[in-house]
Every structure is written in structure tokens, then in C-alpha cells.
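These notes concern the structure reproduced below.
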Amino acid sequence: MSDDATKYTLVNPDLLRTLMRRTGTGERITIRQLAADIGIAYGTIGGLLTGAVQVVPESTAVDIAARIGVDLLVLFAPVCRANPAPLAVVPAAETA
């Protein structure tokens, strides 16, 4: 993974916790099971729930949302760059 890869932040840890109690299939999932199902360390999920982990790679966010059974942007928001590239200035049309 490169440093330019998109990162995502969890919008609301309580929402993830609630959705883990009843996933899209109606089942409950534990921190360890969610982590095992998507192939990451369970500490990452625990960290998201406590706030110790602030951002995750896009692939992890996508996998968590898919396993829980919700759209990506229900749980996560993309992290924007601190200094985005300036927008091109378009000159106003001259009036006669």
C-alpha cells in the first residue's frame, strides 16, 4: 500500500458497536470474529471502537462495512488531505 492510498475514519464508534450487535444478516458479531473474517488484527477493531485507531486504509473500511452489511459511507468518511491542491481559477467572462 502506498502513502497516497485513501484513508477512512470511523464516523461513530457507537454506531459500529450497535451494528455489530445485529449485522445485515441479523447475527451478532464479536470484535475478534469481525477481525478474523476480514483478515486484520482484532486490536484494529477494538481501537476503532475506543478511538485509539483514528484512520484505516480504504480496503479495511470497505471490508468492515461489507461484513457488517452496510454501505461504506454509513460507517466511514474519507480523510481529506490537509493541504489540498488549489483549484484552477476560471476567469469571468467579459461583459460588453
Side-chain angles (χ1 to χ4, degrees):
M1 180 174 64
S2 72
D3 291 341
D4 294 334
T6 303
K7 305 283 187 196
Y8 280 78
T9 186
L10 185 63
V11 173
N12 183 336
D14 291 330
L15 178 58
L16 175 57
R17 194 173 285 107
T18 297
L19 292 171
M20 287 174 66
R21 288 186 195 117
R22 185 172 174 90
T23 65
T25 61
E27 67 182 339
R28 180 181 179 95
I29 191 166
T30 66
I31 292 170
R32 287 182 186 264
Q33 187 60 52
L34 176 57
D37 287 355
I38 63 172
I40 63 171
Y42 72 88
T44 301
I45 303 296
L48 285 168
L49 292 171
T50 64
V53 173
Q54 296 294 316
V55 296
V56 294
E58 181 176 29
S59 60
T60 300
V62 167
D63 290 346
I64 291 170
R67 179 60 184 90
I68 296 294
V70 296
D71 289 336
L72 174 65
L73 297 179
V74 169
L75 283 173
F76 292 93
V79 177
C80 297
R81 293 172 47 178
N83 295 316
L87 298 174
V89 176
V90 177
E94 292 183 29
T95 58

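No hydrogens, no waters, no symmetry mates; every other heavy atom, side chains included, goes into these values.
The side-chain hydrogen bond (donor to acceptor under 3.5 Å, both in side chains) search around T23 returns T25, not counting sequence neighbours. Listed by chain and number, the residues in a side-chain hydrogen bond (donor to acceptor under 3.5 Å, both in side chains) with R22 amount to none (sequence neighbours excluded). Listed by chain and number, the residues in a side-chain hydrogen bond (donor to acceptor under 3.5 Å, both in side chains) with T50 amount to none (sequence neighbours excluded).
Within the structure, the salt bridge (Lys or Arg N to Asp or Glu O under 4.0 Å) test picks out no pair touching residues 69-78 (sequence neighbours left out). The salt bridge (Lys or Arg N to Asp or Glu O under 4.0 Å) contacts involving residues 9-18 comprise D14-R17, where partners must be two or more places apart or lie in separate chains. Listed by first and then second residue, the salt bridge (Lys or Arg N to Asp or Glu O under 4.0 Å) pairs involving residues 32-57 are D37-R67 (not counting sequence neighbours).
Applying the side-chain contact (heavy atoms from CB on, under 4.5 Å) test between Y8 and each of V55, L75, L72 identifies L72 as the sole match.
The two residues V11 and F76 have their closest heavy-atom pair at CG2-C, 3.7 Å. Nearest heavy atoms, L73 versus P78: CD2-CD, 4.0 Å. Across every non-hydrogen atom of G43 and V53, the tightest pair is O-CG2, 4.4 Å.
The side-chain heavy atoms of I64 and L16, taken from C-beta on, include a pair separated by under 4.5 Å. The closest side-chain heavy-atom distance from P57 to T6 is not below 4.5 Å.
Atom-to-atom distance recorded for L34:CG and T44:OG1 is 10.0 Å, nearest 0.5 angstrom. Remark: R21 CZ to I68 CD1 distance equals 11.5 Å, nearest 0.5 Å. Taking OG1 of T30 as the reference point, atom CE of M20 lies at 6.5 Å (rounded to 0.5 Å).
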Under the side chain to side chain contact (heavy atoms under 4.5 Å, CB included) rule, what do V74 and L15 come out as? Steps first, then yes or no, please.
CA-CA 9 Å; V74 169; L15 178 58; 4.2 Å; yes
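Checked by atom type and distance alone, the side chain of T9 never pairs as donor or acceptor with a backbone atom of V79 at under 3.5 Å.
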